[in-house]
Amino acid sequence: MSGADGGELIPATRHALLGLPVEVAPRLLGAVLRVETAESSVAVRLTEVEAYHGQGTGDRPDPGSHARMGPTARNATMWGEPGHLYVYLSHGIHSCVNVVCGPEGVAGGILLRAGEVVEGVDAAFARRAAARVARDLARGPGRLGDAVGLRHPIHDGIDAVTGEEQAGASARLFLLGEPLADVASGPRVGVAGVAGTAAYPWRFWIPGDPTVSAFRWGRGASEA
């Protein structure tokens, strides 16, 4: 299996996702997430991701993380084994998809912010009727979740390593055999306070890719 740039794609393993989110996140660029349902199969080549650490990990606390205060019913999947998908609801509407990483019992997640639909374009358009052009189908985390058909809460915790079916869907993550050399990084998008500043350059993207989402500062965050 080959990626859009011709690089070899290999099935993700738990071992490949054992590092801290900020270490693993760049590795997901160019990777492909494929989700199959009874109706369709949609695959997205990942072009933009954001790292979020859990309580007690890394060299500094992450005030932007759902797991900053420890385990809760909402963030339980983040504390599980790597390779599962943490699917949460944003603003009561959008289902956002994260790849869990780090050892089991140590919370960490990588938000899939944007990607290019490389398989199942018609099915993605059916789910994203507001999209006018293909580049907008998965340009943003809520759009990406809609395009692939993963929904909170029924798909929270789905296993993207084994591909085991959950609530009528299965997901598989494929990584590039050779990570991309050209990767950009900067502050996370729309994250409030210090967690959204240059002190946390934990957003990673493929430079120049048209599917990367537009940047905006969060409330109380700025270049300073």
Side-chain angles (χ1 to χ4, degrees), residues 1-13 16-17 25 27-50 77 83-90 93-101 109-177 179-180 189 204-206 208-214:
M1 184 177 182
S2 298
D5 62 353
E8 180 189 7
L9 286 168
I10 56 177
T13 64
L17 303 171
R27 183 83 170 81
L28 296 188
L29 295 175
V32 169
L33 176 67
R34 174 180 287 126
V35 178
E36 296 188 13
T37 65
E39 298 79 26
S40 63
S41 175
V42 175
V44 174
R45 179 181 68 94
L46 303 176
T47 60
E48 180 186 13
V49 297
E50 287 179 346
T77 298
H84 290 261
L85 302 182
Y86 169 47
V87 183
Y88 72 89
L89 199 62
S90 174
I93 304 171
H94 304 294
S95 293
C96 298
V97 181
N98 301 254
V99 175
V100 175
C101 59
I110 300 168
L111 175 65
L112 307 185
R113 275 211 60 87
E116 175 194 7
V117 177
V118 294
E119 180 183 318
V121 172
D122 289 345
F125 266 117
R127 291 171 176 151
R128 290 268 304 113
R132 296 185 177 182
V133 294
R135 80 160 192 173
D136 289 337
L137 285 171
R139 192 177 185 223
R143 294 174 178 180
L144 189 151
D146 284 345
V148 299
L150 292 175
R151 305 302 300 165
H152 171 86
I154 60 173
H155 296 130
D156 181 32
I158 194 169
D159 194 342
V161 170
T162 66
E164 182 178 354
E165 184 176 327
Q166 179 174 317
S170 62
R172 289 298 305 270
L173 178 65
F174 299 87
L175 303 177
L176 282 173
L180 294 179
V189 177
F204 303 90
W205 67 94
I206 299 176
D209 193 288
T211 64
V212 172
S213 58

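Since the model is a prediction, treat every value here as computed from it, not as a measurement.
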Undergrad: V44 and A138: which non-hydrogen atoms are nearest, and at how many Å?
TA: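 Scanning both residues completely, I find the closest heavy atoms to be CG1-CB, 4.4 Å.
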Undergrad: Specify the closest pair of heavy atoms between Y86 and T77, including all atoms of both residues, with the distance to one decimal.
TA: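 Distance-wise, the nearest heavy atoms are CA-CG2, 3.9 Å.
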Undergrad: How long is the gap from CG on L175 to CG on L29, to the nearest 0.5 Å?
TA: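 It is 11.0 Å, given to the nearest 0.5 Å.
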Undergrad: Can you tell me how far the CG atom of L85 sits from the CG atom of N98, to the nearest 0.5 Å?
TA: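 It is 8.5 Å, given to the nearest 0.5 Å.
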Undergrad: Considering non-hydrogen atoms only, spot the tightest contact between I158 and A169 and give its length.
TA: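 Heavy-atom minimum between the residues: CD1-O, 3.5 Å.
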Undergrad: So, do H94 and P141 sit near enough that their side-chain heavy atoms are less than 4.5 Å apart?
TA: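 With C-beta onward as the side chain, the pair stays apart.
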Undergrad: Can you name the closest pair of heavy atoms from S41 and E36 and give their distance?
TA: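 Result for this residue pair: OG-CG, 3.5 Å.
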Undergrad: Roughly how far apart are R139 CZ and D209 CG, rounded to 0.5 Å?
TA: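 Interatomic distance, R139 CZ to D209 CG, rounded to 0.5 Å: 9.5 Å.
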Undergrad: Would a 4.5 Å heavy-atom cut-off, applied to side chains only, mark L46 and L144 as touching?
TA: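 A side-chain contact exists here, since the closest heavy-atom pair is under 4.5 Å.
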Undergrad: Any heavy-atom pair between the side chains of S40 and R127 that's under 4.5 Å?
TA: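 Sidechains of S40 and R127: in contact.
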Undergrad: Minimum heavy-atom separation for A214 and V189, please, with both atom names.
TA: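 Smallest heavy-atom distance, with atoms named: O-CG1, 4.0 Å.
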Undergrad: To the nearest 0.5 Å, how far apart are NE2 in H84 and CG in L173?
TA: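 With rounding to 0.5 Å, NE2 (H84) is 12.5 Å from CG (L173).
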Undergrad: Heavy-atom distance under 4.5 Å between the side chains of Y88 and L111, does that happen here?
TA: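 In short, these two side chains touch, coming nearer than 4.5 Å.
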Undergrad: Donor-acceptor pair, distance only, cut-off 3.5 Å: does the side chain of H152 make one with the backbone of S95?
TA: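 Not a single qualifying donor-acceptor pair exists.
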Undergrad: My understanding is that only residues two or more places apart in sequence, or in another chain, count here; which of them pass salt bridge (Lys or Arg N to Asp or Glu O under 4.0 Å) with R151?
TA: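 R151 satisfies salt bridge (Lys or Arg N to Asp or Glu O under 4.0 Å) with D146 once adjacent residues are dropped.
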Undergrad: Roughly how far, to the nearest 0.5 Å, is CZ of R113 from OG1 of T211?
TA: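 With rounding to 0.5 Å, OG1 (T211) is 11.5 Å from CZ (R113).
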Undergrad: Below 4.5 Å, heavy atoms only, C-beta onward: do V35 and H155 meet side chain to side chain?
TA: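 Side chain of V35 against side chain of H155, heavy atoms only: no contact under 4.5 Å found.
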Undergrad: Would L28 and L112 count as a side-chain contact (heavy atoms from CB on, under 4.5 Å) here? Give the steps.
TA: CA-CA 9 Å; L28 296 188; L112 307 185; 4.2 Å; yes
Undergrad: Determine the sole option in R45, R143, R135 for which the salt bridge (charged side-chain N to carboxylate O under 4.0 Å, His left out) test with E116 is passed.
TA: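 Among the candidates, only R45 passes.
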Undergrad: Stepwise, does the side-chain contact (heavy atoms from CB on, under 4.5 Å) test hold for V42 with V148?
TA: CA-CA 5 Å; V42 175; V148 299; 4.2 Å; yes
Undergrad: If you define the side chain from C-beta out and look only at heavy atoms, does anything of L33 sit under 4.5 Å from V99?
TA: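 Not touching, per the 4.5 Å side-chain cut-off.
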Undergrad: Taking S213's backbone N and O only, do any of them form a donor-acceptor pair with E48's side chain (distance below 3.5 Å, no angle check)?
TA: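 Pair found, side chain donor or acceptor close to backbone of S213.
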Undergrad: Measuring from atom CG of L180 to atom CZ of R27, what distance do you get when rounded to the nearest 0.5 angstrom?
TA: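 Nearest 0.5 Å value for the CG-CZ distance: 9.5 Å.
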Undergrad: Taking Q166 for its side chain and D156 for its backbone only, find out whether a donor-acceptor pair lies under 3.5 Å.
TA: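 Yes; at least one donor-acceptor contact below 3.5 Å.
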Undergrad: What is the minimum heavy-atom distance between A114 and G140, and which atoms define it?
TA: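 Heavy atoms only, the tightest pair is CB-N, 3.8 Å.
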